[in-house]
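Data first, discussion second: the structure below is written as structure tokens.
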Number of protein chains: 2
Amino acid sequence: MTPARSRRPGAPTRTERGIPEATVARLPVYLRALTALSDSGIATASSEDLATAAGVNSAKLRKDLSYLGSYGTRGVGYDVEYLRYQIAREIGVTQDWAVVIVGIGNLGHALANYSGFGTRGFRIVALLDAAPELVGEKIGDMVVRDFAELEEIVAADRVSIGVITTPAGPAQEVCDRLVAAGVTSILNFAPVVLSVPDGVDIRKVDLSIELQILAYHEQRKSGEAALPPVPELPAMNGVVTDLPSVGGGVGA
Amino acid sequence: MTPARSRRPGAPTRTERGIPEATVARLPVYLRALTALSDSGIATASSEDLATAAGVNSAKLRKDLSYLGSYGTRGVGYDVEYLRYQIAREIGVTQDWAVVIVGIGNLGHALANYSGFGTRGFRIVALLDAAPELVGEKIGDMVVRDFAELEEIVAADRVSIGVITTPAGPAQEVCDRLVAAGVTSILNFAPVVLSVPDGVDIRKVDLSIELQILAYHEQRKSGEAALPPVPELPAMNGVVTDLPSVGGGVGA
DNA sequence: AGGAGCTTGTGAACGTGAGAACAAAATCGA
DNA sequence: TCGATTTTGTTCTCACGTTCACAAGCTCCT
């Protein structure tokens with residue numbers, strides 16, 4: 001065997017850059033699992049414990065964490081509080097991010113009422129809508145303001161994250177205005193593909209797509225033998241195609 | 001060369017099984033793009049056109065479509081209506097799927113009010129909540145019913161898809177009840193990892209995770225040089241860890 | 001003090017997905 | 001009728017992500 005007593009050429013140099021995207025997407029899940037363990041009074045957890053709590057494979061979890069650094073102790077596990085802080089810092093939720101929500105329809109309302117933003121990494125600084133009948137409405141301790149005030153608000157509060165909960169129609173225009181105002185991250189609930197310049201991050205949440213993916217698998221389960229044959233240029237009655245936005249309210 | 005005049009050993013046998021998961025997740029996007037093209041009165045589209053509308057690479061789109069069969073015409077493109085029908089059929093939205101929503105808090109309200117389910121592949125058959133003060137409330141043309149009626153409703157309406165919009169606490173219990181009642185696909189908005197038996201599909205939509213992913217990239221953009229050094233077992237004041245559910249309302 | 005027993009961190013194998021490139025097939029014009 | 005042009009369907013290659021398996025390293029017990 002003769003295990004070459006490990007002495008790497010260069011220092012390990014914590015990667016600090018280049019965490020795989022798939023790993024980034026799981027870090028918030030680990031953070032939540034760690035919080036749950038912490039609330040249960042558990043001070044130390046093995047990768048197996050953590051993996052179970054987060055619903056993933058333990059090898060994957062260990063590899064994911066290894067991108068952040070070596071925060072565990074062999075033979076023992078991870079210190080829950082310490083690891084929790086490290087992940088929170090890596091994600092960036094040890095500071096508060098200012099957020100605006102555009103489009104105060106049903107979904108915008110729901111997000112605005114959501115009473116957990118203030119002290120938890122994200123701070124809603126404005127609810128915006130272009131419909132005059134909505135402007136001035138009170139939601140929780142906030143008031144809906146006119147979409148025209150966007151630029152002013154973004155500049156004043158250093159807003160970097162925008163949430164779009166408008167219908168599909170005005171979404172691209174709203175997006176363009178957000179980007180022009182200086183927002184560099186967008187969470188889009190409208191059922192459209194938004195185009196943004198390089199340097200702007202965009203993520204999409206789409207209820208209808210999620211349901212359709214479930215429907216596909218559901219059909220596979222129940223319909224095994226009942227699949228209709230492939231029709232040749234069929235009668236097109238009752239073709240189902242799309243689901244409109246959950247949000248609503250911003251006019252042109 | 002001697003191109004063996006294509007005559008495959010067996011019939012081409014449309015795969016009919018084994019469409020890659022990544023492709024399945026994009027089919028609804030293509031469906032939406034096709035609907036948009038159709039609404040614009042466009043009868044034929046090339047893979048390039050479609051790819052632009054769907055926000056993907058044209059080679060990827062062609063490969064995705066090839067899993068469904070050969071529905072295009074070389075030198076011409078795709079018949080919009082025909083392809084739209086084929087994708088809708090493959091996904092399974094040419095039929096209606098019965099859906100129940102459990103947890104009529106802010107988000108549950110928003111989804112219930114969402115006026116696009118009826119004629120579009122999914123039909124909400126019940127809104128359920130365990131809180132007595134919510135039961136009986138009218139939302140649109142539906143009435144909130146008691147969660148205790150779940151089993152009866154699932155059996156009567158052949159419900160196969162359940163949407164969970166409760167807080168984290170009761171989510172697993174609600175999930176277990178749904179599964180026991182016969183639901184085999186679940187869309188979960190509660191911020192917990194749900195465990196389900198084999199054969200049950202589950203998908204998760206999580207606002208706080210999406211925001212945290214954006215925050216990570218945002219920090220990378222703005223914080224380049226401002227990253228604090230790694231502290232050794234730091235003071236844990238103000239650590240941000242998690243965001244509670246958007247939904248709410250189901251009591252134990 | 002030394003060995004037994006755990007658990008992390010990581011190298012290597014494997015599988016899936018993305019993109020480039022091109023042959024096959026269809027239309028259109030001469 | 002035949003060649004030029006267009007666009008699909010598919011093959012090949014590369015990159016990424018997942019999982020296995022194990023050496024390194026830590027603690028605890030004797």
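Chain identifiers are assigned alphabetically (A, B, ...) following the order of the sequence lines, protein sequences preceding nucleic acid strands; residue numbering begins at 1 within each chain.
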From the options C:dA20, C:dG9, D:dC20, select the nucleotide whose nearest atom is closest to the side chain of A:Ser66.
C:dG9

Rounded distance (Å) that lies between atom P of D:dT8 and atom OH of B:Tyr82
16 Å

What's the CG-P distance between B:Leu83 and D:dT7, to the nearest Å?
16 Å

Quiz question: going by heavy-atom distance under 3.5 Å, is there a donor-acceptor pair between the base of C:dT7 and the side chain of A:Arg74?
no

Any chance the side chains of A:Ser46 and A:Asp49 put a donor and an acceptor closer than 3.5 Å?
yes

Are side-chain heavy atoms of B:Val76 and B:Thr44 found at a separation under 4.5 Å?
yes

Do the side-chain N or O atoms of A:Ser47 get closer than 4.0 angstrom to the phosphate oxygens (OP1, OP2) of C:dT8?
yes

N/O donor-acceptor pair under 3.5 Å between A:Ser70 side chain and A:Ser66 backbone:
no

Measure the distance from CG on B:Leu61 to P on D:dT8 and round it to the nearest whole Å.
9 Å

Give the rounded distance in Å between these two atoms: CG of A:Asn57 and P of C:dC14.
18 Å

Would you tell me if any nitrogen or oxygen in the side chain of A:Tyr67 comes within less than 4.0 Å of OP1 or OP2 on D:dG17?
no

Check whether the side chain of B:Lys63 and the base of C:dG19 form a donor-acceptor pair under 3.5 Å.
yes

Expressed as a whole number of angstroms, how long is the span from B:Lys60:NZ to C:dA20:P?
11 Å

Look at all strands and tell whether B:Glu21 reaches a base, only sugar-phosphate, or nothing, counting heavy atoms closer than 4.0 Å.
sugar-phosphate

Tell me whether the OP1 or OP2 atom of D:dC22 has a side-chain N or O from A:Arg62 closer than 4.0 Å.
no

Value in whole Å for how far the P atom of D:dG25 lies from OH of A:Tyr71
19 Å

Sub-4.5 Å side-chain heavy-atom contact between B:Val93 and A:Tyr216:
no

Counterpart residues, side chain to side chain contact (heavy atoms under 4.5 Å, CB included), relative to B:Ala98 (two or more places apart):
B:Arg123, B:Val125, B:Val159

Grab the CG-C1' distance between A:Asp79 and C:dT7 for me, whole Å please.
15 Å

Any side-chain donor-acceptor pair under 3.5 Å between B:Tyr85 and B:Arg89?
no

Length of the line joining A:Leu27:CG and D:dG17:C1', which is rounded to integer Å:
15 Å

Which residues pass the side chain to side chain contact (heavy atoms under 4.5 Å, CB included) test with B:Asp201, sequence neighbours left out?
A:Leu214, A:His217, A:Lys221, B:Ser185

Using OP1 and OP2 only, check whether a side-chain N or O of A:Tyr78 sits under 4.0 Å from D:dC26.
no

Looking only at the side chain of B:Ser46 (C-beta and beyond, no hydrogens), which of the listed nucleotides D:dT8, D:dG17, D:dC20 gets closest?
D:dT8

Short of 4.0 Å, heavy atom to strand atom, which residues of residues 195-204 of chain B count as contacting DNA chain C?
none

